> 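So that we are looking at the same thing, I have put the structure below in structure tokens.
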Amino acid sequence: MSTSPTTEKKKRYERPVLQPVKPGVTSKFGPISAFTPQTHIDGVAVKELLATYGSPLFVISERTIRHTYRQALTAFRTRYPRVQFAWSYKTNYLDAVCRVFHRLGSWAEVVSGFEYDKALANGVPGKYILFNGPDKSEADLRKAIANDSPIHIDHFDELYTLVGLSEEMDRRPRVAIRINMDTGVYPMWDRFGFNYENGQAWEAIQKIFLSGRLELVGLHAHIGTYMLSADAYGVAAAKMSELALAIRKQYDKAIEYIDLGGGFASRNTLKGSYYAGADVVPSFDDYAEAIANSLLKAGFARGELPVLMLETGRALIDDAGWLLGTVLANKRLSDGRRATILDFGVNLLFTSFWYEHVISPAQECSQYGEDAVLYGPLCMNIDVVREQVKLPPLQKGDHVVVHRVGAYNMTQWMQFITLRPAVVLIDTEGKPHVIRQSETLEYIQSVERLPPHLAQAAPPHSEGSNPS
Ligand SMILES: *Cc1c(COP(=O)(O)O)cnc(C)c1O
């Protein structure tokens with residue numbers, strides 16, 4: 001018996017995969033045949049990140065945020081002379097993320113008193129905080145008035161409250177009204193703001209001027225989210241320009257800004273979509289072209305072009321976020337399908353209810369894939385990360401990387417069954433920083449209280465003894 005002297009590492013055994021041939025149509029891109037492992041993010045090894053900060057782990061790239069923001073700004077500034085972005089806090093309100101956007105020049109766009117306070121604490125001057133949403137308490141409104149923040153009025157009750165507060169505080173609040181309208185995209189979002197077509201928006205404008213107490217500085221719309229039609233924004237910009245010009249004519253007042261809200265699609269793929277999101281969603285250039293054309297041809301006088309305000313959220317941050325995780329186990333379902341259980345689920349990946357996220361192995365992998373269902377770790381049937389995805393066989397302990405998770409996951413995540421993990425920001429030099437620590441039992445319990453009769457921890461009664 002001879003053993004050959006070799007320094008080569010023993011190759012890992014890989015179970016052969018037999019798959020029945022299923023005749024039918026593939027997409028026009030053909031079957032995916034190559035898997036590219038994602039071993040690094042901005043030059044930092046995924047394995048290193050997981051070893052240092054634990055699994056699962058959210059990672060945000062400052063470089064990608066800056067790159068995406070510049071792309072968006074350039075797309076708009078080259079087509080329209082006056083553009084201002086306001087960062088949508090609810091899309092990702094980790095302070096470090098907000099501060100990157102503020103350093104880049106973004107104002108803040110908030111939809112609650114909590115978000116408003118976060119923006120103030122991040123050093124945003126009140127006059128650069130746009131206050132949206134149907135739920136602003138009187139205390140919130142007082143604070144916004146005192147800070148001179150533009151308040152975007154959602155309904156008549158809010159308008160009347162503001163008129164009352166302006167008298168009581170002897171201030172002239174700066175306001176905009178939110179407008180909803182038919183842009184050719186259905187279902188139409190008509191639950192927020194005042195309707196354009198039925199004349200309600202104009203009625204609100206008249207009430208503002210007749211009150212004599214509020215300073216109308218802008219018009220606002222947020223026509224929906226993940227909008228696949230750039231033209232819809234062109235329609236919205238045209239209708240809002242029409243209102244602005246009517247105000248100019250009737251009340252001799254030039255509106256300072258037209259705010260088209262957020263809603264640009266990110267490059268994620270919607271569930272059930274035939275094409276990959278990255279191949280079909282409109283680019284910043286497409287949106288900018290539709291909006292700028294509408295505004296420029298609306299007929300504003302020279303020197304009275306309104307500022308174009310944008311509250312873009314997901315399209316600016318989705319690409320900059322990744323979720324790293326670990327394979328807990330594999331199993332076969334009763335119908336023979338492969339199931340892989342991961343250490344993160346819908347508790348952390350809220351957007352998996354809508355998106356088919358791209359998921360890559362984090363290590364060298366086979367080129368042969370097998371359809372698998374990816375489950376999260378929760379004891380709950382709806383905890384499915386991907387219903388069907390072709391991946392090379394992953395083994396217990398292998399790592400995976402989920403792409404495009406920067407928007408909404410870190411605000412809509414649930415503390416359910418398990419604790420939320422750390423979030424790391426990789427700066428432009430490639431240095432990782434923890435920007436949110438992983439949660440601990442003490443953190444969760446710090447807001448729990450026990451009534452006196454339960455203050456003493458006691459073991460459960462054994463059978464037969466009297467319960468007290
Ligand atoms: C949520 C929201 C945004 C951001 O929307 P995206 O789809 O993330 O771009 C902007 N403005 C308002 C009023 C919002 O409610």
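As the structure is a computational prediction, the values presented were derived from the model and not from experiment. Each ligand, and each atom within it, is numbered from 1 in the order the structure gives. The first residue of the sequence shown is numbered 1, and numbering continues consecutively from there.
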> Using a 4.0 Å cut-off to any heavy atom of Tyr408, which atoms of ligand 1 qualify?
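Under 4.0 Å from Tyr408, ligand 1 has these atoms: 1 (C), 4 (C), 5 (O), 6 (P), 7 (O), 8 (O).
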> Please confirm whether the backbone N or O of His433 pairs with a side-chain atom of Tyr53, one donor and one acceptor, at under 3.5 Å?
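No, Tyr53 side chain to His433 backbone: no donor-acceptor pair under 3.5 Å.
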> So, applying side chain to side chain donor-acceptor pair (under 3.5 Å) with Asn132, which one of Glu115, Arg178, Glu311, His222 is it?
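Result: among Glu115, Arg178, Glu311, His222, Glu311 is the only option passing the side chain to side chain donor-acceptor pair (under 3.5 Å) with Asn132.
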> Describe, in one word, how the ring planes of Trp413 and Phe58 are oriented to each other, choosing from parallel (under 30°), tilted (30 to 60°) and perpendicular (over 60°).
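Rings of Trp413 and Phe58: perpendicular, over 60°.
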> Should you measure from each heavy atom of Gly263, which atoms of ligand 1 turn up under 4.0 Å away?
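Numbered from 1, ligand 1 contributes 5 (O), 6 (P), 7 (O), 9 (O).
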> Using the six-membered ring of Phe156, assess whether NZ or CZ of Lys207 lies under 6.0 Å from its centre and within 45 degrees of the ring axis.
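Yes, a cation-pi geometry.
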> Could you say whether the N/O atoms of Lys90 and ligand 1 ever approach to under 3.5 Å?
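Min N/O separation from ligand 1 is below 3.5 Å for Lys90.
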> Leu342 vs Thr326, test: side-chain contact (heavy atoms from CB on, under 4.5 Å). Steps then yes/no.
CA-CA 6 Å; Leu342 302 165; Thr326 306; over 6 Å; no
> At a non-hydrogen distance cut-off of under 4.0 Å, which region of Glu311 contacts ligand 1 (side chain, backbone, both, or neither)?
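Both backbone and side chain.
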> Pull out every atom of ligand 1 sitting under 4.0 Å from any heavy atom of Thr225, numbered as shown with elements.
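In order of numbering, the contacting atoms are 6 (P), 7 (O).
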> Geometry only, no angles: is Ala315 polar-contacting ligand 1 at N/O separations under 3.5 Å?
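Checking ligand 1 against Ala315, no N or O pair falls under 3.5 Å apart.
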> Out of all atoms in ligand 1, which are within 4.0 Å of some heavy atom of Thr91? Include the element for each.
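Matching atoms, with element in brackets: 8 (O).
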> Give the atoms of ligand 1, by number and element, whose distance to some non-hydrogen atom of Gly262 is under 4.0 Å.
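In order of numbering, the contacting atoms are 5 (O), 9 (O), 10 (C), 11 (N).
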> Can you see whether Tyr355 has Lys271 sitting over its ring - NZ or CZ less than 6.0 Å from the centre and within 45° of the normal?
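The answer is no, since Lys271 fails at least one limit relative to Tyr355.
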> Does any N or O atom in Thr312 lie less than 3.5 angstrom from one in ligand 1, N or O only?
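For ligand 1, there is no N or O atom that lies under 3.5 Å from one belonging to Thr312.
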> Run the numbers on Arg314 and Phe264 for side-chain contact (heavy atoms from CB on, under 4.5 Å), then give the verdict.
CA-CA 7 Å; Arg314 71 175 75 232; Phe264 299 157; over 6 Å; no
> Could you list the atoms of ligand 1 found under 4.0 angstrom from a heavy atom of Ser88?
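Near Ser88, the atoms of ligand 1 are 3 (C), 4 (C).
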> Check each atom of ligand 1 against the heavy atoms of Asn132 and keep those under 4.0 Å away; list them by number with element.
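Answer, ordered by atom number: 13 (C).
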> So does Glu109 pair up with Lys90, basic N to acidic O under 4.0 Å?
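The answer is no: the pair does not qualify as a salt bridge.
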